[in-house]
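Quick caveat: nothing in here was measured; it's all calculated off a predicted structure.
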Amino acid sequence: MSFDPATEGWEQTEAWGLPEFLRPMWLRPDTTGFSLGFQPKAALNNGRGVIHGGILATYMDHSLGRTVREAVGRVPIATIQLDLHYLAPGSMDLFVEVRGDITRQTRSIVFIRGMLTQGGKPVLAASGIWKVLSQKG
């Protein structure tokens, strides 16, 4: 793969809790938040030549969770529900990007939706609910 995320405004970022084989994780900030991304590698192949759906689900869960965690001040959180809609196969040849947008937030619950794309095309859509486990005091 010839794509270099660093030349496109991406920077490597911490990936706490993400399995080692899905690293490095890349982050690209913008005026309304950030996107997260990774480069597919052979170990993520499902045997049919595309990214395994479970890998995409894991990455979506982690990315949306990171978006929620940043929004609530980096306190502990947990996924309550994550609904996934597979829209297209994940290509082994294209950088994976996830963007999450919070749709509603209370003191203890955060609702979010997200889209995983490759080359600007939707691959996986999600909506989820996260529980804020503790508040900063």
Side-chain angles (χ1 to χ4, degrees):
M1 179 182 301
S2 61
F3 179 74
D4 179 8
T7 64
E8 299 295 323
W10 294 87
E11 53 196 54
Q12 281 194 27
T13 186
E14 292 294 320
W16 10 262
L18 191 64
E20 200 61 44
F21 66 91
L22 282 177
R23 298 178 191 192
M25 174 184 269
W26 296 85
L27 181 139
R28 183 170 58 186
D30 58 40
T31 57
T32 61
F34 59 88
S35 295
L36 295 165
F38 76 95
Q39 293 186 24
K41 45 191 150 190
L44 308 181
N45 185 325
N46 71 357
R48 290 188 7 239
V50 297
I51 303 170
H52 192 288
I55 297 298
L56 297 176
T58 298
Y59 203 78
M60 179 66 82
D61 180 57
H62 184 84
S63 298
L64 295 185
R66 171 116 180 224
T67 301
V68 169
R69 188 168 182 266
E70 294 295 328
V72 299
R74 294 188 173 192
V75 299
I77 59 169
T79 308
I80 294 175
Q81 181 174 330
L82 183 61
D83 298 319
L84 303 171
H85 302 275
Y86 293 89
L87 306 173
S91 170
M92 296 300 297
D93 300 324
L94 295 171
F95 188 74
V96 174
E97 183 174 342
V98 176
R99 174 68 185 213
D101 295 300
I102 293 174
T103 58
R104 183 168 181 248
Q105 183 174 344
T106 71
R107 285 180 34 148
S108 62
I109 301 289
V110 179
F111 298 82
I112 189 169
R113 67 175 172 230
M115 184 66 69
L116 183 149
T117 60
Q118 289 187 294
K121 295 182 180 177
V123 174
L124 179 63
S127 60
I129 305 169
W130 265 255
K131 172 74 174 164
V132 179
L133 300 176
S134 64
Q135 297 288 333
K136 284 188 177 178

Would you confirm whether S91, through its side chain, and D93, through its main-chain N or O, come within 3.5 Å as a donor-acceptor pair? yes
Atom pair CE/OG1 of M60 and T79 - distance to nearest 0.5 Å: 12.0 Å
Distance, nearest 0.5 Å, that separates CG of D61 from CG of L84: 8.5 Å
Under a 3.5 Å distance rule, please check whether Y86 uses its side chain to pair with a backbone N or O of V123 as donor and acceptor. no
Going by the side-chain contact (heavy atoms from CB on, under 4.5 Å) test, name the single residue among L56, L116, L124 that passes it with I51. L56
What verdict does the side chain to side chain contact (heavy atoms under 4.5 Å, CB included) test give for T58 and H52, after you've listed the backbone C-alpha separation in whole Å, the side-chain angles of each residue and the deciding distance to 0.1 Å? CA-CA 10 Å; T58 298; H52 192 288; over 6 Å; no
First locate atom CD of Q12, then atom CG of L27, and finally report the distance between them rounded to the nearest 0.5 Å. 11.5 Å
Any chain of hydrophobic side-chain contacts (each under 4.5 Å) joining V50 to L22? no
For G65 versus I77, what's the shortest heavy-atom pair and its separation? O-CD1, 3.2 Å
Looking at side-chain heavy atoms only, is the closest gap between I112 and D101 below 4.5 Å? no
Do V75 and L64 sit in one hydrophobic cluster, given that two such residues count as connected whenever their side-chain heavy atoms are within less than 4.5 Å of each other, even indirectly? yes
Can you give me the closest heavy-atom contact between P122 and A88, atom names plus distance? O-CB, 3.8 Å
Grab the two heavy atoms, one from F95 and one from Q39, that are nearest each other, plus how far apart they are. CD1-CG, 3.4 Å
To the nearest 0.5 Å, what is the distance between CH2 on W10 and CZ on F38? 11.0 Å
For the residue pair L18 and M25, establish whether any side-chain heavy-atom pair is separated by less than 4.5 Å. yes
Going through the checks in order, is the salt bridge (Lys or Arg N to Asp or Glu O under 4.0 Å) test met by D30 and R28? CA-CA 7 Å; D30 58 40; R28 183 170 58 186; over 6 Å; no
Centre-to-centre under 6.0 Å for W130 and F111, is that the case here? no
K41 side-chain N/O to F21 backbone N/O, donor-acceptor pair under 3.5 Å: yes
T13 versus R66, side-chain donor and acceptor atoms under 3.5 Å: yes
Is there a donor-acceptor contact under 3.5 Å from the side chain of R23 to the main chain of A15? yes
To the closest 0.5 Å, what do you measure between CZ (R69) and NE2 (H62)? 9.5 Å
To the nearest 0.5 angstrom, please state how far the CD1 atom of I129 sits from the CZ atom of R104. 10.0 Å
Whether the side chain of Y59 engages the backbone of G37 through a donor-acceptor N/O pair (distance < 3.5 Å, no angle test) should be reported. yes
Considering all heavy atoms of both residues, which atom of L82 and which atom of A126 are nearest to each other, and what is their separation? CD1-CB, 4.1 Å
Examine V132 and I80 and state if one hydrophobic cluster contains both, with Ile, Leu, Val, Met, Phe, Trp and Tyr joined whenever side-chain heavy atoms are less than 4.5 Å apart. no
Okay, side chain of E97, backbone of Q118: is any donor-acceptor separation there less than 3.5 Å? no
Look only at the side chain of T7 and the backbone of D4, and say whether a donor-acceptor pair between them is shorter than 3.5 Å. yes
Derivation and outcome, side chain to side chain contact (heavy atoms under 4.5 Å, CB included), residues M115 and V98: CA-CA 6 Å; M115 184 66 69; V98 176; over 6 Å; no
Whether T117 side chain and G120 backbone form a donor-acceptor pair below 3.5 Å: no
